[in-house]
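What follows is a short report on a single structure.
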Amino acid sequence: EYAAAARSEFEGMFEKTPGEANAYLAKPEEYAAAARTAGDAQARENVEKAAECLLTSRCATYEECLAWARLRFQDSFHDKIAQLVFTFPEDAATSTGSPFWSAPKRFPHALDFSNADATHLQLMRAMANLKAEVHGLERPAWAADDAKLAAAIAQVPVVKFQPKSGVKIETDPKATAAASSMGMDDEAIIEDLLGKLEAVRAGFKGDYRLGAITFEKDDDANFHMDAIAGLSNMRARNYSIQEIDKLKAKLIAGRITPAIATTTAMATGLVCLELYKVLNGAPIESYRNTFANLALPLFAMAEPIAPKQFKFKELAWSLWDRWILEGDFTVKELLDWFEAKGLTAYSVSCGQSLIYNNIFPKHKERMDKKVSDLVQTVAKLEIPADRRHFDIVVACEDEEGEDIDVPLVSIQFR
């Protein structure tokens, strides 16, 4: 789990955050206008990503990249853990009186950075090298020397951690980012950051861009797996969990599933047999699910069951269905379409982006806008010229406020 989380953290630091900064640098006026128009938590988070790369963590030298890596280690693996332990000590109890640190939660401990720890040095080198790559900086020859690297890290000033009282730490795994940011003035934060970005942009050349890094597991010289293995192992140390080597981290982070050629050939053949049945329009009784183990050997076949059917008034659908709506709908027209079916659509999303949600007053301004425009400006979905549709997820409820799981919605707008 920590290796998978480390890959996500890697992509956030070195791909998505620089990519957001590049989106701002490419079209700053359009970017700022879209962020101001949205004015919600998601827009704020995107602007914060751009500001992080161009304002708070922008590096001009390799030494600054090394300092960034050292301070990030301190924040992630020491300060945040120390604050967590201060807020929830080992004998902490929940509101019901049961131990807070009960299974599956583990009581953590903060890590103290040490130049004598080879794993710490390796992580610092990988993080600094990747940060330098993002900002287009040359990697000095001394960065490959452990002694010189350790000496440079020792020069980084690190503020001693002081625990804070009254800090709220989200403990509900079901809590969403939107819910946790309800108390923030998103529009004010967006306006403040855009002003700072505009001021710093004046010092950049017109073609200045950051180097967004796409994860590649198979190049041992690119430091990608060094960073991911180091991040996952540091978190494992926080919680006294067994560490893994770089190969195991590669299998997890690269989502590699070992396969044998004979097994793959057998599975492909079985799939092709089922496809013949699809092409011939065979009834469901003719299809087969196959369970096979070549090592035993075991071959077992069974008839599949029909997908679960959902019904609401005159509507009926299954997990395999999708609703296709023809026309270039506005948000209001889309909501009216569901209203006519007796459903209240309270949320519309595309990918990870919210197109509309009735809890955000700002989203009411989108009612007369085309959904096809919003998925491109808000969700940043690129729709090729030869593509006639896009997919959205609509969350609905009935007259009694009960959630109804409706199929994926495809809007054929061309």
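Here the structure is a predicted model, which is why all the values come from computation and not from measurement. Only heavy atoms go into these numbers, but all of them, side chains included; no hydrogens, no water, no symmetry mates.
A donor and an acceptor atom, one from each side chain of Asn115 and His120, are nowhere located under 3.5 Å apart. With no hydrogens or angles considered, a side-chain donor-acceptor pair links Ser57 and Lys131 at under 3.5 Å. Counted by atom type alone, Ser372 and Gln376 present zero donor-acceptor pairs between their side chains at under 3.5 Å. Residues Asp403 and Tyr346 bring a donor and an acceptor atom of their side chains to less than 3.5 Å of each other.
Between the Arg387 side chain and the His389 main chain, a donor and an acceptor come within less than 3.5 Å of each other. Between the side chain of Asn357 and the main chain of Phe360, no donor-acceptor pair closer than 3.5 Å is present. His224 places a side-chain N or O within 3.5 Å of a backbone atom of Glu216 that can act as its donor or acceptor partner.
Distance check: Leu294 CG to Met266 CE gives 4.5 Å after rounding to the nearest 0.5 Å. For the atom pair Asp391 CG and Leu408 CG, the distance stands at 4.5 Å (nearest 0.5 Å). Atom CZ of Arg237 and atom CD of Glu243 lie 4.0 Å apart (nearest 0.5 Å). Taken to the nearest 0.5 Å, the CG atom of Asp218 stands 9.5 Å off from the CE atom of Met225. From Phe88, atom CZ reaches atom OG1 of Thr94 across 10.5 Å, with rounding to the nearest 0.5 Å.
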Inset, instruction - Test Glu11 against Arg7 for salt bridge (charged side-chain N to carboxylate O under 4.0 Å, His left out), laying out the working first. - result: CA-CA 6 Å; Glu11 292 175 339; Arg7 173 174 175 175; 3.0 Å; yes
Inset, instruction - For salt bridge (charged side-chain N to carboxylate O under 4.0 Å, His left out), just list the numbers for Arg201 and Glu198, CA-CA rounded to whole Å, side-chain angles, deciding distance to a tenth of an Å, and then say yes or no. - result: CA-CA 5 Å; Arg201 186 172 65 89; Glu198 182 62 27; 2.8 Å; yes
Inset, instruction - Please test Asp336 against Lys332 for salt bridge (charged side-chain N to carboxylate O under 4.0 Å, His left out), starting from the C-alpha separation and ending with a verdict. - result: CA-CA 6 Å; Asp336 289 344; Lys332 185 178 184 306; 3.0 Å; yes
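Across every non-hydrogen atom of Asn46 and Glu20, the tightest pair is O-CG, 3.1 Å. The shortest heavy-atom contact between Leu197 and Ala51 is CD2-CA, 3.9 Å. Residues Leu66 and Ala152 share a closest heavy-atom pair of CD2-CB, 3.6 Å. Across every non-hydrogen atom of Ala345 and Leu335, the tightest pair is O-CD2, 3.5 Å. Looking at every heavy atom in both residues, Ile81 comes nearest to Ala110 through CG2-N, 3.6 Å. Annotation for Met234 and Thr119: closest pair CE-CG2, 3.4 Å, computed over non-hydrogen atoms.
Using the six-membered ring where Trp is involved, Tyr24 and Tyr31 have ring planes that are perpendicular, over 60° apart on the 30 and 60° scheme. Below 30°, between 30° and 60°, or above 60°: for Trp317 and Phe310 the angle between ring planes is below 30°, a parallel geometry.
Heavy-atom contacts from other residues, nucleotides or ligands closer than 6.0 Å to CG of Asp245 number more than 12. Other residues, nucleotides and ligands contribute at most 12 non-hydrogen atoms within 6.0 Å of the CZ atom of Arg388. Under a cut-off of 6.0 angstrom, the local environment of NZ in Lys148 is sparse, with at most 12 non-hydrogen atoms contributed by other residues, nucleotides or ligands. Annotation for Lys105: atom NZ counts as buried by contact number, over 12 foreign heavy atoms lying within 6.0 Å. Atom NZ of Lys364 is surrounded by 12 or fewer heavy atoms from other residues, nucleotides or ligands within 6.0 Å. By the neighbour-count criterion of 12 heavy atoms within 6.0 Å, atom CG of Leu279 is densely surrounded, having more than that number from other residues, nucleotides or ligands. Atom CD of Glu382 sits in a sparse spot, with 12 or fewer heavy atoms from other residues, nucleotides or ligands closer than 6.0 Å. Within a 6.0 Å radius of NZ in Lys380, other residues, nucleotides and ligands contribute more than 12 heavy atoms.
By the 4.5 Å heavy-atom criterion applied to side chains, Arg235 and Phe77 are counted as neighbours. Looking only at side-chain heavy atoms (C-beta outward), Asp226 and Asp220 stay at 4.5 Å or farther from each other.
For an aromatic pair to be called close, the ring centres must be under 6.0 Å apart, and Trp68 with Phe73 fails this. Residues Phe413 and Phe390 bring their aromatic ring centres within 6.0 Å.
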